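Please read the structure below before turning to the comments.
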Number of protein chains: 2
Amino acid sequence: MGATIKDIARETGLGLATISSYLNGRNVREKNRIKIEAAIEKLHFEVNETARGLKTNRTRTIGILIPELNNVFCAEIISEAEDILRQKGYATILCDCRTDPAREREAIAFLLRRRADGLMVMPTGENGEILKAFLRRKRPVVVLDRKIRGLDADCVLVDNEDAAKKAVDRFRAAGHTKIGLITGPQDIYTAAARRRGFQAAMADAGLEVSDSMVVCGDYTIQGGARAMHKLREEEPEITAVLVANYEMTVGAMIEINESGLRIPQEMSVIGFDNLEFAKAIAPRLSIITQPTREIAREAVDLLLKRLSGDAGRPTQTVVLPTDYVEGKSVGVRAEEVRTGLSNRKLRRG
Amino acid sequence: MGATIKDIARETGLGLATISSYLNGRNVREKNRIKIEAAIEKLHFEVNETARGLKTNRTRTIGILIPELNNVFCAEIISEAEDILRQKGYATILCDCRTDPAREREAIAFLLRRRADGLMVMPTGENGEILKAFLRRKRPVVVLDRKIRGLDADCVLVDNEDAAKKAVDRFRAAGHTKIGLITGPQDIYTAAARRRGFQAAMADAGLEVSDSMVVCGDYTIQGGARAMHKLREEEPEITAVLVANYEMTVGAMIEINESGLRIPQEMSVIGFDNLEFAKAIAPRLSIITQPTREIAREAVDLLLKRLSGDAGRPTQTVVLPTDYVEGKSVGVRAEEVRTGLSNRKLRRG
DNA sequence: TTGAAAGCGCTAACAT
DNA sequence: ATGTTAGCGCTTTCAA
């Protein structure tokens, strides 16, 4: 087996406390430091973080619990969060619950047994009860991209209402009045918020939104394709559509392409999240992007702050702005052109 | 703090060994079992895996070390591996080294301090020295999607040569003779293997491959766009191109769209990896897909087998097949049509 | 099957 | 600054 601090103590003739002091960055006499470092080198010593964790009751481990790793929005956040965490000495235990509340519950118990110091979570639903188990044990929780009523935890969100409004405003400026929305399940905070923002913006503009102009998909590719199909069937008058996450944007594009519909001549589209994807499409897709790196940074920051003392501070919610990135997927509707935004003639959708 | 087995022992009047036996699924008298379960419930007891890990010298933790989480191929493998591992009681510590050998080295040390039982790794380069630190400590390593000379570890690969050959054969069947390849850095096993397969298939077909018909990108989106640009500049005669990973496929598509080149009339394309992306593009992209879920399953399987005893068994390499999925991005070259594969007339590229 | 006791590798008093 | 000692929560002999 590997060497322990006892071996280092014996090798150097020093006491355990000295070795421990050295390992924890406290002051050690210069000549002892040299001896210790030589012994560590010689014996290939490596701190046993497990033993340390048992003693200190802090594992320097953070659980990240998400609904789906194969979701670029999640993956980008995790990638950034893990990077920062590891630099600070924290390990990231990943738990992908596949949008399954049962697995989510099991993962929480799993992380609790592992004594994860804290949790970053993008919950599957609105039920915060499962997460309270963490809070009860005085372990901080940061909720990503959701807000859960009755759960006293820090949150990091984007301004979803505003994101939807930006899209609606862009469509309106191009003369669209029959605008559809494909959003996610209404028990997911972001999906509901984007719907609210959409409806508010439409109302502000004096535009009507019938029930069938809003379709709730399931945030998957297949769901996006189905939603697009349904929207076109029930509301053939629609000339523009906002799709409220990346996976459904891909699905909607598949459906649009398969039905032979031309963008932007017959349908204007604003998608979500993945800039690179948007650029790879022809014509280039206009999209709403979310600041995934900032979300991760804020979340890690909140978590580490709680971990380093100020656990009593009231919980806070950080709201970050989204961006609209112009592509070529929003066409001007000839009948209502007022500005010179585009000069292409459009066929009635 | 939380309850310990001592608390359970006191509460039930039983000894520690009995509680431990219960927790580890060994036989306990029925009435004691009931008492123990009641006490666990009452005191909200949860096994402390940290203590267990210290005692048993097995943390039930697997490190997954990858070059980039924002790479769908990696993300899909991790997602599946993590799922299986957690079901078996193993935690997954994720380390994304951002294709940086220094971070990769640091991550290995990190996982060693954490006493990860095993490692699944997609190395950045060909140097296996870093990984040997793991092997020296008798901890199993499974190398994903790479083969590293001089490293005695299990591997899971796909048949990259054959993948390239499939693409070349498909292009040839459509009459293409000037075929380009955009592959990755040559110190990455898969990239080199795809190149070899490409060149072998071209040679078999009696087709010439000049140096500038093969461009080595860096497996990123930007790199794919640059590579496509370079290819077109240096080899304007090319009528077909194989792009050997997903990110570069996206990049190549961006470049193609920006240059106004039409697919498949002016350029035939076969991409890699992401089926959903391929379907969302118009015209739908033909691609080579890799069996990410099987890769993950094989890798986990190899790792767990080593962990459960048969550590002495010679290392093995599992090679999985790829698939070619037909889209509409391969056009027939009129001049050389021999079969009736397509009936579209094509303009000379 | 169960109980008592030792000890995994480390940190943190406390004493020097 | 350093040495001594106890103990974190668990598993695992060894006896009974």
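Lettering follows sequence order; numbering is per chain, from 1. Because the structure is a prediction, the values reported are computed rather than measured.
In this entry the distance linking CZ of A:Arg10 with P of C:dG9 reads 11 Å, nearest Å. Atom CG in B:Asn27 sits roughly 9 Å away from atom P in C:dT2 (whole-Å rounding). One interatomic measurement links the two molecules: OH of B:Tyr22 to C1' of C:dT2, which rounds to 17 Å at whole-angstrom precision. Between A:Ile8 atom CD1 and D:dG3 atom P the separation is 14 Å, expressed in whole Å. To the nearest angstrom, C1' of D:dC8 lies 11 Å from CZ of A:Arg115. Spacing between atom CG of A:Leu23 and atom P of C:dT11 amounts to 6 Å, rounded to whole angstrom units. In this entry the distance linking CG of A:Asn57 with C1' of C:dA12 reads 14 Å, nearest Å. The CZ atom of A:Arg52 sits 13 Å away from the C1' atom of C:dA12 (whole-angstrom rounding).
Distances shown here put a side-chain N or O of A:Ser20 below 4.0 Å from the OP1 or OP2 atom of C:dT11. In this model, the phosphate group of D:dT11 is approached by a side-chain N or O of B:Asn24 to a distance below 4.0 Å at OP1 or OP2.
Annotation: of the two residues near DNA chain C, A:Arg26 and B:Leu14, the 5′-most nearest-nucleotide partner is B:Leu14. Two residues, B:Ser21 and A:Lys6, neighbour DNA chain C, and the one matched to the more 5' nucleotide by heavy-atom proximity is B:Ser21.
Side-chain N/O atoms of A:Glu82 and A:Thr92 include no donor and acceptor closer than 3.5 Å. Counted by atom type alone, B:Thr315 and B:Asp154 present zero donor-acceptor pairs between their side chains at under 3.5 Å. In summary, the side chains of B:Glu68 and B:Tyr219 do not present any donor paired with an acceptor at a separation below 3.5 Å, with no hydrogens or angles considered. A donor-acceptor contact under 3.5 angstrom links the side chains of A:Thr124 and A:Glu104, judged on distance only. A donor-acceptor pair shorter than 3.5 Å can be found between the side chains of B:Thr61 and A:Arg114.
Ranking D:dA1, D:dG9, C:dC10 by closeness to the B:Asn48 side chain, first place goes to D:dG9. Set against C:dT2, C:dT11, D:dT12, the side chain of B:Thr56 has D:dT12 as its closest nucleotide. Comparing D:dC10, C:dT2, C:dG9 by their closest approach to the side chain of B:Thr4 singles out D:dC10.
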Pairs under 3.5 angstrom, nitrogen or oxygen only, protein versus nucleotides 4-6 of chain D, please.
none

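The cationic atom of A:Arg60 (NZ for Lys, CZ for Arg) lies less than 6.0 Å from the six-membered ring centre of A:Tyr90 and within 45° of the ring axis.
Residue B:Phe45 is in sugar-phosphate contact alone, with no base atom involved, counting any heavy-atom pair closer than 4.0 Å across all strands shown.
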**From CA spacing to verdict: salt bridge (charged side-chain N to carboxylate O under 4.0 Å, His left out), A:Glu80, B:Arg98** = CA-CA 10 Å; A:Glu80 181 73 9; B:Arg98 310 286 182 98; 3.6 Å; yes
